Amino acid sequence: MIKQITGLLCLTASIAFAQTPPKPYGALPAPRQLAWHETEVYGIMHFTPTTFENKEWGYGDADPKTFNPTDFNADQIVSAAKAGGLRGIVLVAKHHDGFCLWPTKTTDYNITKSPFRGGKGDLVREVADAARKQGLKFGVYCSPWDRNNAKYGTPEYIKIYREQLRELYTNYGDLFMSWHDGANGGDGYYGGAREKRSIDNTTYYQWDSTWTNYTRKLQPNASIFSDIGWDVRWAGNEDGSVNPTSWATLTPKPSEGQNVAVPGQANATENPGGTRGGKFWIPAECDVPLRKGWFYHENEKPKTPEKLFDLYLKSVGRGAALDLGLAPDTRGQLHNDDVAVLKTFGDRVKNTFATNLIARGSSKAVNVRGYNSIYSAKNLLDGKPDTYWATDDDFKTPEVVIELSQPIVFDVISLQEYIKLGQRIEEFAVDAWIGNEWKEIYKGTSVGAKRIARLDVPITSNKLRLRVTKSPVSIAISEFGVYKDAE
Ligand code: FUL
Ligand code: CA
């Protein structure tokens, strides 16, 4: 009888505990942002008449007939991206030159006026289809600045721009991103006017109503990128990295001389690090061209696989994403050099993170929330992002020891918070048991979606300790791993 009652009590207790996960902390990611975080590495592809003019910014006056790839092949581009570990492609459907890569009804300056597929082509469709066929997500970039359009600078142009978005949002399936550049206007062709047009980008584009009435309604799963959000912020540079301490949260601040924080006006000093305890969950995207420019230029070379791996650690490894610029050449394919570099980089990431060397270790934590196995420290090692080690509310700086039967050799450490409950940890450290004592081998800050650290020298040990050293609330960590760089 007593046994039965105790059993019953235990059962009731564990059910009660099971129902009390840690209270979320601060701003939280929306489901579309959680999906975006999983993407980690993706590409942004620039291929317009500007490619054929060998420029970076088309003036808007190129004859549509210049857009004449000799052998466009979306599958070739997507395969190379996939081999690079890219999980999505954002296609620049219209760049600043205004040329639309789909048969839009909003302007004559579009692909049907080019020789591409005899004027019957739709490049947005071809890339979207190729991406989906190979399991990559698809997104679009439609430049608000349009150097071709005669109406640019007037309210009428905003209607045209929104109609372009509507076409892109309704004809090409589910999009994972809607990418909005902050370019500010300036000189251009503008239907033959060939003049300078300046717009006030605190008011002209009316992003609030565009994103509310078009993007959110027609593509609710698309993360909106702009320099200050709404869903994903610009890293503040085009080098492919954020600060060593970078928060997924941001309280957008006005840039110098402005009193409101609006897209196109990023306070770039704030962007690489975010705001600790910021008002919104707006993680960073590190966009960087694979080559020097965003468009293909014969005299430029792609970055090395080593450089890309370094950028991966400084973006994905700091809770952000890496967005690599892909620039097809005038054939309409990625150059062999780019294909090779992507493959080597992709293999390095894949091979490095293939096996968590402590996955089979035993874990001993100082505290597990409510003694409940749901929150066990074993969850750190199961490779599942949805299970996590959590502590009781008053255990804000806990530690866990992982012990192995054999020593391992590693030089990469990776940590992931269970971000559905917010970005909680502020500082942490990792120790290894070396020569009969604990030696601190890494000390880090901001974790969030992921924190990856590469150590200067490989460590050999059979016992590791993870210590959270600063956190305003109890912790929720979903993964802890160590790896050997597959260089
Ligand atoms: C920038 C643009 O001005 C570049 O041309 C490129 O499209 C890049 C991705 O965003 O702001
Ligand atoms: Ca887990």
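Atoms within each ligand, like the ligands themselves, are counted from 1 in listed order. Bear in mind the structure is a predicted one, so any value in this text is a computation, not a measurement.
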Requested in this report: Check if Tyr141 has a non-hydrogen atom at a distance under 4.0 Å from any atom of ligand 1.
Outcome: yes

Taking [X] first and then [Y], would you say they form a salt bridge - that is, a charged N and a carboxylate O separated by under 4.0 Å?
X	Y	value
Asp382	Lys378	no
Glu403	Lys364	no
Lys484	Asp411	yes
Arg291	Glu300	no
Arg147	Asp187	yes

Under 3.0 Å: N/O/S of [X] next to the Ca ion (ligand 2):
X	value
Lys384	yes
Asn379	yes
Tyr388	no

Side chains of Glu56 and His297: do they bring a donor and an acceptor to under 3.5 Å?
yes

### Message
Can you see whether Gln33 engages Trp281 through a side-chain donor-acceptor pair at a distance of less than 3.5 angstrom?
### Response
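Not at all, the side chains of Gln33 and Trp281 share no donor-acceptor pair under 3.5 Å.
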
Would you say [X] and ligand 1 have an N/O pair spaced under 3.5 Å apart?
X	result
Trp179	no
Trp294	no
Asp181	yes

The atom of Asp382 among N, O or S that is nearest the Ca ion (ligand 2) is OD1

The Ca ion (ligand 2) -> Glu479, closest N, O or S atom is OE2

List ligand 1 atoms under 4.0 Å from Glu238, heavy atoms only on the residue side.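 Under 4.0 Å from Glu238, ligand 1 has these atoms: 1 (C), 8 (C), 10 (O), 11 (O).
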
Write out the residue and atom name of the closest protein heavy atom to [atom], then the distance separating them to 0.1 Å.
atom	answer
atom 5 (O) of ligand 1	His95 NE2, 2.8 Å
atom 3 (O) of ligand 1	His96 NE2, 2.9 Å
atom 6 (C) of ligand 1	His46 NE2, 3.4 Å

One should read off an interatomic distance between Ile452 CD1 and Ser414 OG, to the nearest 0.5 angstrom, of 5.0 Å

Distance col, row Phe52:CZ vs Asp329:CG, nearest 0.5 angstrom, shows 8.5 Å

- Query: Can you give me the OG1-the Ca ion (ligand 2)-O angle for Thr387 and Ser478, to 10°?
  - Reply: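 Computed angle, vertex at the Ca ion (ligand 2), rounded to 10 degrees: 140°.
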
